[in-house]
Amino acid sequence: MNFKIIKKMANLSYTNNLLDGKKVDKIVKQLSQKDLKMYIKSLKNIENKNTVTIVVPNLLKNSTLLNEVKKLFANKKIILKEDRSLIAGLQLIDNDTIYDFNLKNNIKQMVNYINK
């Protein structure tokens, strides 16, 4: 099967920006193993485009942050993750773009600049 057709099938697997399990089941039953791999890859790409991940040092203090990010990315799913190694900052991952706003990485960059 052609990749364009599989990509269209992946797009049709969504109802109101949510993956529809019934549609996926119908599609999966008709695909070969090779086509199934392409279909899963297409679904992952769609999910990545529709998801923003926020990595913070502490999950407990971030309800206002979550509200502000929801305003910026109104039509995307927001995932909060905790990484205690971050110091006073956050990472924002939107599809393939990583925005890194934390003290730890800023200090590393300054040290690398000084050492050059």
Side-chain angles (χ1 to χ4, degrees):
M1 201 176 290
N2 174 328
F3 183 71
K4 289 182 181 181
I5 294 172
I6 292 176
K7 193 173 178 179
K8 284 182 184 180
M9 291 167 69
N11 285 324
L12 292 173
S13 300
Y14 285 84
T15 305
N16 298 326
N17 291 330
L18 294 173
L19 193 59
D20 189 345
K22 292 179 183 178
K23 290 180 181 179
V24 172
D25 286 340
K26 288 180 184 178
I27 292 171
V28 166
K29 289 177 183 175
Q30 299 175 4
L31 297 176
S32 68
Q33 188 171 1
K34 180 183 173 188
D35 293 340
L36 184 59
K37 286 180 182 180
M38 285 193 289
Y39 176 71
I40 291 170
K41 185 176 180 180
S42 294
L43 288 176
K44 285 181 180 180
N45 286 337
I46 293 169
E47 284 295 315
N48 283 339
K49 288 178 185 177
N50 294 328
T51 303
V52 173
T53 304
I54 306 169
V55 183
V56 292
N58 189 350
L59 287 177
L60 299 177
K61 301 176 184 177
N62 294 299
S63 60
T64 56
L65 171 69
L66 184 61
N67 291 333
E68 291 299 318
V69 173
K70 282 183 180 179
K71 290 177 189 175
L72 291 173
F73 300 99
N75 45 348
K76 291 193 175 193
K77 289 187 278 185
I78 309 295
I79 298 174
L80 266 176
K81 291 185 179 179
E82 184 174 352
D83 182 2
R84 297 221 180 244
S85 69
L86 294 177
I87 303 172
L90 64 97
Q91 279 184 337
L92 197 119
I93 304 166
D94 182 20
N95 198 8
D96 289 337
T97 308
I98 300 174
Y99 302 99
D100 198 2
F101 309 103
N102 71 70
L103 186 59
K104 179 181 176 182
N105 286 338
N106 287 339
I107 292 171
K108 282 182 181 179
Q109 290 173 355
M110 284 188 267
V111 169
N112 287 338
Y113 180 74
I114 291 170
N115 289 334
K116 287 183 180 181

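Numbering of residues begins at 1 and proceeds along the displayed sequence.
A continuous path of Ile, Leu, Val, Met, Phe, Trp and Tyr side chains, each step under 4.5 Å between heavy atoms, connects Phe3 with Leu31, placing both in one hydrophobic cluster.
Of all heavy-atom pairs spanning Lys7 and Ser42, the tightest one is CA-OG, 4.1 Å. Taking both residues in full, the closest heavy atoms of Tyr14 and Leu19 are given as CD2-N, 3.5 Å, listed atom of the first, atom of the second, then distance. Of all non-hydrogen atoms in Leu43 and Ser13, the two that sit nearest each other are CD2-CB, 4.2 Å. Looking at every heavy atom in both residues, Val55 comes nearest to Asp83 through CG1-CB, 3.4 Å.
Between Lys108 atom NZ and Asn112 atom CG the span is 9.0 Å, to the nearest 0.5 Å. Atoms CG and CG, on Asn95 and Asn48 in that order, are 6.0 Å from each other to the nearest 0.5 Å. With values rounded to the nearest 0.5 angstrom, Lys70 atom NZ is found 9.5 Å from Ile54 atom CD1. Note that the CG atom of Leu90 and the OG1 atom of Thr53 stand 12.0 Å from one another [nearest 0.5 Å]. Taken to the nearest 0.5 Å, the CD1 atom of Ile46 stands 13.0 Å off from the NZ atom of Lys41.
Around atom NZ of Lys23, more than 12 heavy atoms belonging to other residues, nucleotides or ligands sit under 6.0 Å away. The number of heavy-atom neighbours closer than 6.0 Å to CG of Asn17, taken from other residues, nucleotides and ligands shown, is 12 or below. With a 6.0 Å radius and a threshold of 12 heavy atoms from other residues, nucleotides or ligands, Asn16 has its CG atom at or below the threshold.
Under the 4.0 Å criterion applied to side-chain N and carboxylate O atoms, Glu47 and Lys44 are not assigned as salt-bridge partners.
Inter-residue side-chain proximity for Phe73 and Leu92 is flagged as met; some heavy-atom pair is nearer than 4.5 Å.
None of Asp94, Ile78, Ile79 except one satisfies the side-chain contact (heavy atoms from CB on, under 4.5 Å) rule with Thr51; the exception is Ile79.
Asp20 contributes a side-chain N or O that, together with a main-chain N or O of Lys22, makes up a donor-acceptor pair within less than 3.5 Å.
Between the side chains of Asp35 and Ser32, at least one donor N or O sits under 3.5 Å from an acceptor N or O.
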